[in-house]
Amino acid sequence: EAGVAQSPRYKIIEKRQSVAFWCNPISGHATLYWYQQILGQGPKLLIQFQNNGVVDDSQLPKDRFSAERLKGVDSTLKIQPAKLEDSAVYLCASSLDFTSGETSTDTQYFGPGTRLTVL
Amino acid sequence: QKEVEQNSGPLSVPEGAIASLNCTYSDRGSQSFFWYRQYSGKSPELIMFIYSNGDKEDGRFTAQLNKASQYVSLLIRDSQPSDSATYLCAVLSGGSYIPTFGRGTSLIVHP
(Lines give C-alpha, C1' and ligand atoms only; values in the text may rest on other atoms or scores of the structure.)
Protein backbone atom coordinates (compact mmCIF):
# COMPACT_ATOMS: atom_id res chain seq x y z
CA GLU A 1 0.00 0.00 0.00
CA ALA A 2 1.50 3.34 -1.04
CA GLY A 3 1.88 5.94 1.69
CA VAL A 4 1.01 9.60 1.79
CA ALA A 5 2.83 11.50 -0.94
CA GLN A 6 3.90 15.13 -0.66
CA SER A 7 5.75 17.52 -2.93
CA PRO A 8 7.97 19.37 -3.03
CA ARG A 9 10.19 18.05 -0.24
CA TYR A 10 12.03 21.32 0.17
CA LYS A 11 11.25 24.91 -0.78
CA ILE A 12 13.13 28.13 -0.23
CA ILE A 13 11.39 31.42 -0.98
CA GLU A 14 11.70 35.06 -0.03
CA LYS A 15 9.16 36.78 2.17
CA ARG A 16 6.08 38.07 0.41
CA GLN A 17 6.37 35.39 -2.26
CA SER A 18 3.74 32.68 -2.67
CA VAL A 19 4.17 28.92 -2.39
CA ALA A 20 2.01 25.83 -2.83
CA PHE A 21 2.29 22.34 -1.42
CA TRP A 22 0.64 19.20 -2.75
CA CYS A 23 -0.52 16.08 -0.94
CA ASN A 24 -1.91 12.77 -2.16
CA PRO A 25 -3.34 10.66 0.69
CA ILE A 26 -3.41 6.90 1.02
CA SER A 27 -5.94 5.46 -1.40
CA GLY A 28 -9.40 5.23 0.14
CA HIS A 29 -8.66 7.55 3.05
CA ALA A 30 -11.49 10.00 3.50
CA THR A 31 -9.86 12.30 6.03
CA LEU A 32 -6.91 14.53 5.18
CA TYR A 33 -4.97 16.80 7.54
CA TRP A 34 -2.46 19.59 7.02
CA TYR A 35 -0.12 20.39 9.90
CA GLN A 36 2.54 23.00 10.50
CA GLN A 37 5.49 21.86 12.60
CA ILE A 38 7.93 24.50 13.76
CA LEU A 39 11.32 23.25 14.96
CA GLY A 40 11.09 21.97 18.53
CA GLN A 41 7.31 21.93 18.61
CA GLY A 42 4.60 19.39 17.99
CA PRO A 43 2.51 19.41 14.81
CA LYS A 44 -0.17 22.10 14.80
CA LEU A 45 -3.34 21.28 12.87
CA LEU A 46 -4.06 23.84 10.16
CA ILE A 47 -7.01 22.23 8.41
CA GLN A 48 -8.87 18.94 8.40
CA PHE A 49 -10.92 17.67 5.45
CA GLN A 50 -13.49 14.90 5.33
CA ASN A 51 -13.73 14.00 1.65
CA ASN A 52 -13.93 17.47 0.06
CA GLY A 53 -15.54 19.23 3.02
CA VAL A 54 -13.76 21.16 5.76
CA VAL A 55 -14.10 19.68 9.26
CA ASP A 56 -11.93 22.24 11.05
CA ASP A 57 -9.83 25.19 9.96
CA SER A 58 -9.87 27.20 13.16
CA GLN A 59 -6.07 27.48 13.31
CA LEU A 60 -5.55 28.30 9.63
CA PRO A 61 -4.36 31.92 9.15
CA LYS A 62 -6.96 32.63 6.53
CA ASP A 63 -5.54 35.99 5.53
CA ARG A 64 -2.57 34.24 3.94
CA PHE A 65 -3.19 30.48 3.94
CA SER A 66 -5.69 28.59 1.82
CA ALA A 67 -6.30 24.93 1.18
CA GLU A 68 -8.53 22.90 -1.06
CA ARG A 69 -9.43 19.30 -1.73
CA LEU A 70 -11.67 19.64 -4.71
CA LYS A 71 -12.30 16.01 -5.68
CA GLY A 72 -11.96 14.54 -2.24
CA VAL A 73 -8.61 12.98 -3.00
CA ASP A 74 -5.45 15.09 -3.30
CA SER A 75 -5.08 18.50 -1.71
CA THR A 76 -3.08 21.70 -2.05
CA LEU A 77 -2.05 24.16 0.65
CA LYS A 78 -1.06 27.66 -0.42
CA ILE A 79 0.64 30.52 1.39
CA GLN A 80 0.38 34.00 -0.10
CA PRO A 81 2.23 36.12 0.88
CA ALA A 82 4.75 34.21 2.97
CA LYS A 83 6.23 35.62 6.17
CA LEU A 84 9.46 34.71 7.94
CA GLU A 85 7.51 32.96 10.69
CA ASP A 86 6.03 30.54 8.15
CA SER A 87 9.36 28.70 8.03
CA ALA A 88 8.43 25.21 9.16
CA VAL A 89 7.77 21.68 8.00
CA TYR A 90 4.32 21.23 6.50
CA LEU A 91 3.00 17.75 7.11
CA CYS A 92 0.11 16.09 5.39
CA ALA A 93 -1.60 13.11 7.00
CA SER A 94 -4.58 10.94 6.16
CA SER A 95 -6.86 8.55 7.98
CA LEU A 96 -9.48 6.11 6.81
CA ASP A 97 -12.45 7.81 8.44
CA PHE A 98 -12.31 9.89 11.59
CA THR A 99 -16.08 9.94 11.98
CA SER A 100 -16.37 6.38 13.18
CA GLY A 101 -14.76 7.12 16.52
CA GLU A 102 -12.82 3.90 16.30
CA THR A 103 -9.10 4.19 16.62
CA SER A 104 -8.53 1.67 13.90
CA THR A 105 -9.99 4.08 11.38
CA ASP A 106 -8.94 7.42 12.84
CA THR A 107 -5.25 6.56 13.01
CA GLN A 108 -3.30 9.12 11.04
CA TYR A 109 -0.49 8.27 8.63
CA PHE A 110 1.94 11.02 7.75
CA GLY A 111 3.69 11.94 4.55
CA PRO A 112 7.38 12.91 4.46
CA GLY A 113 6.62 16.62 4.81
CA THR A 114 7.73 19.75 2.99
CA ARG A 115 10.43 21.84 4.62
CA LEU A 116 9.78 25.52 3.89
CA THR A 117 12.39 28.19 4.46
CA VAL A 118 11.31 31.82 4.11
CA LEU A 119 14.20 34.28 3.75
CA GLN B 1 -8.22 25.68 23.53
CA LYS B 2 -7.66 21.99 24.11
CA GLU B 3 -4.17 21.32 25.41
CA VAL B 4 -1.85 18.36 25.44
CA GLU B 5 1.16 18.72 27.70
CA GLN B 6 4.44 16.85 27.54
CA ASN B 7 7.76 17.45 29.22
CA SER B 8 10.12 18.44 26.41
CA GLY B 9 13.07 16.65 28.03
CA PRO B 10 15.51 15.42 27.05
CA LEU B 11 14.93 12.23 28.97
CA SER B 12 18.18 10.31 29.12
CA VAL B 13 18.21 6.60 30.00
CA PRO B 14 20.87 3.91 29.73
CA GLU B 15 20.53 1.10 27.22
CA GLY B 16 18.36 -1.71 28.59
CA ALA B 17 16.47 0.50 31.03
CA ILE B 18 12.78 1.39 31.04
CA ALA B 19 11.90 4.78 29.59
CA SER B 20 8.72 6.38 30.88
CA LEU B 21 7.08 9.16 28.88
CA ASN B 22 4.07 11.07 30.15
CA CYS B 23 1.32 13.18 28.64
CA THR B 24 -1.59 15.06 30.17
CA TYR B 25 -4.59 16.49 28.35
CA SER B 26 -7.21 19.09 29.19
CA ASP B 27 -10.30 17.85 27.31
CA ARG B 28 -12.09 15.41 29.61
CA GLY B 29 -14.19 14.23 26.66
CA SER B 30 -11.18 12.96 24.71
CA GLN B 31 -11.64 9.46 23.38
CA SER B 32 -8.62 8.34 21.38
CA PHE B 33 -4.97 8.59 22.32
CA PHE B 34 -1.91 8.00 20.19
CA TRP B 35 1.83 7.82 20.57
CA TYR B 36 4.00 8.73 17.60
CA ARG B 37 7.77 8.52 17.26
CA GLN B 38 9.59 11.15 15.25
CA TYR B 39 13.24 10.85 14.32
CA SER B 40 15.09 14.05 13.58
CA GLY B 41 14.23 15.32 10.12
CA LYS B 42 11.56 12.67 9.59
CA SER B 43 7.78 12.63 9.84
CA PRO B 44 5.89 11.10 12.77
CA GLU B 45 5.22 7.37 12.70
CA LEU B 46 2.58 5.63 14.77
CA ILE B 47 3.75 3.47 17.67
CA MET B 48 0.43 2.60 19.20
CA PHE B 49 -3.01 3.84 20.14
CA ILE B 50 -5.19 3.32 23.20
CA TYR B 51 -8.77 4.25 23.96
CA SER B 52 -9.69 2.27 27.09
CA ASN B 53 -8.49 2.81 30.63
CA GLY B 54 -5.67 0.52 31.62
CA ASP B 55 -2.64 -0.87 29.87
CA LYS B 56 -2.05 -1.93 26.31
CA GLU B 57 1.09 -3.79 25.39
CA ASP B 58 2.79 -4.16 22.01
CA GLY B 59 6.22 -5.73 22.09
CA ARG B 60 8.54 -3.52 24.14
CA PHE B 61 5.96 -0.74 24.30
CA THR B 62 3.16 -0.32 26.84
CA ALA B 63 0.64 2.49 26.75
CA GLN B 64 -1.22 3.37 29.93
CA LEU B 65 -4.40 5.43 30.03
CA ASN B 66 -6.08 6.97 33.06
CA LYS B 67 -9.07 9.04 31.95
CA ALA B 68 -10.00 10.08 35.49
CA SER B 69 -6.60 11.71 35.94
CA GLN B 70 -6.41 12.75 32.28
CA TYR B 71 -3.03 11.30 31.55
CA VAL B 72 -1.56 8.80 29.16
CA SER B 73 1.91 7.35 29.35
CA LEU B 74 4.24 5.26 27.23
CA LEU B 75 6.71 2.80 28.68
CA ILE B 76 9.57 1.48 26.60
CA ARG B 77 11.21 -1.61 28.04
CA ASP B 78 14.76 -2.68 27.23
CA SER B 79 15.46 0.71 25.66
CA GLN B 80 17.81 0.68 22.69
CA PRO B 81 19.89 3.51 21.17
CA SER B 82 17.62 3.22 18.12
CA ASP B 83 14.73 4.36 20.34
CA SER B 84 16.37 7.78 20.60
CA ALA B 85 13.80 10.12 19.06
CA THR B 86 11.06 12.57 19.96
CA TYR B 87 7.83 10.96 21.16
CA LEU B 88 4.63 12.80 20.38
CA CYS B 89 1.38 12.32 22.25
CA ALA B 90 -1.79 12.98 20.24
CA VAL B 91 -5.33 13.19 21.52
CA LEU B 92 -8.59 13.16 19.59
CA SER B 93 -11.27 15.23 21.24
CA GLY B 94 -14.60 13.60 21.83
CA GLY B 95 -17.35 14.36 19.36
CA SER B 96 -15.40 16.46 16.89
CA TYR B 97 -12.44 14.06 16.64
CA ILE B 98 -10.09 16.95 16.00
CA PRO B 99 -6.50 15.94 16.82
CA THR B 100 -4.20 17.87 19.14
CA PHE B 101 -0.52 17.04 19.50
CA GLY B 102 1.80 17.71 22.39
CA ARG B 103 5.20 19.27 21.77
CA GLY B 104 6.92 15.95 22.21
CA THR B 105 9.48 14.51 24.61
CA SER B 106 13.02 13.97 23.42
CA LEU B 107 14.38 10.58 24.48
CA ILE B 108 18.08 9.76 24.45
CA VAL B 109 19.16 6.18 25.05
CA HIS B 110 22.90 6.02 25.69
CA PRO B 111 24.98 2.86 25.38
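Not measured: the values here are computed from a predicted model. Letters A, B, ... mirror the listed sequences (proteins, then strands); counts begin at 1.
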query = What heavy-atom pair brings Pro43(A) and Gly102(B) nearest, and what distance separates the two atoms?
reply =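 Looking at all heavy atoms of both residues, the shortest contact is CD-O, 4.5 Å.
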
request  = Looking only at non-hydrogen atoms, find the nearest pair between Leu88(B) and Gly42(A) and report the distance.
outcome  =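 Leu88(B) and Gly42(A) have their closest heavy atoms at CD2-CA, 4.1 Å.
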
Between [atom1] of [X] and [atom2] of [Y], what distance do you get to the nearest 0.5 Å?
X        : Y        : atom1 : atom2 : value
Ser8(B)  : Gln41(A) : OG    : CD    : 11.0 Å
Ser43(B) : Gln37(A) : OG    : CD    : 9.5 Å
Ile98(B) : Asp56(A) : CD1   : CG    : 3.5 Å
Ser95(A) : Leu92(B) : OG    : CG    : 8.0 Å

query = Given that the side chain runs from C-beta out, which part of Gln38(B) has a heavy atom under 4.5 Å from chain A: side chain, backbone, both or neither?
reply = side chain

task = Taking the side chain as every heavy atom from C-beta outward, state whether Leu45(A) and Thr100(B) have any atom pair closer than 4.5 Å.
result =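 The answer is no, as the side chains (C-beta and beyond) never meet within the 4.5 Å cut-off.
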
remark   = The ring-ring contact (aromatic ring centres under 6.0 Å, His included) partners of Phe21(A) (sequence neighbours excluded) come to Tyr90(A)

Out of curiosity, does [Y] fall in the hydrophobic cluster containing [X] (side-chain heavy atoms, cut-off under 4.5 Å, transitive links)?
X         : Y        : answer
Val73(A)  : Trp34(A) : no
Met48(B)  : Leu75(B) : no
Ile50(B)  : Ile47(B) : yes
Val54(A)  : Ile79(A) : yes
Ile108(B) : Ile76(B) : no

query = Counting N and O atoms only, with roles assigned by atom type, does the side chain of Tyr36(B) sit under 3.5 Å from a partner on the main chain of Gln108(A), one being a donor and the other an acceptor?
reply =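 Pair found, side chain donor or acceptor close to backbone of Gln108(A).
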
query = Which residues from residues 110-119 of chain A are near chain B, with near meaning under 4.5 Å between non-hydrogen atoms?
reply = Phe110(A), Gly111(A), Pro112(A), Arg115(A)

Exceeds 12 heavy-atom contacts within 6.0 angstrom, atom NZ of Lys62(A) = yes

request  = Mark yes when over 12 heavy atoms from residues, nucleotides or ligands other than Lys11(A) sit less than 6.0 Å from its NZ; otherwise mark no.
outcome  = no

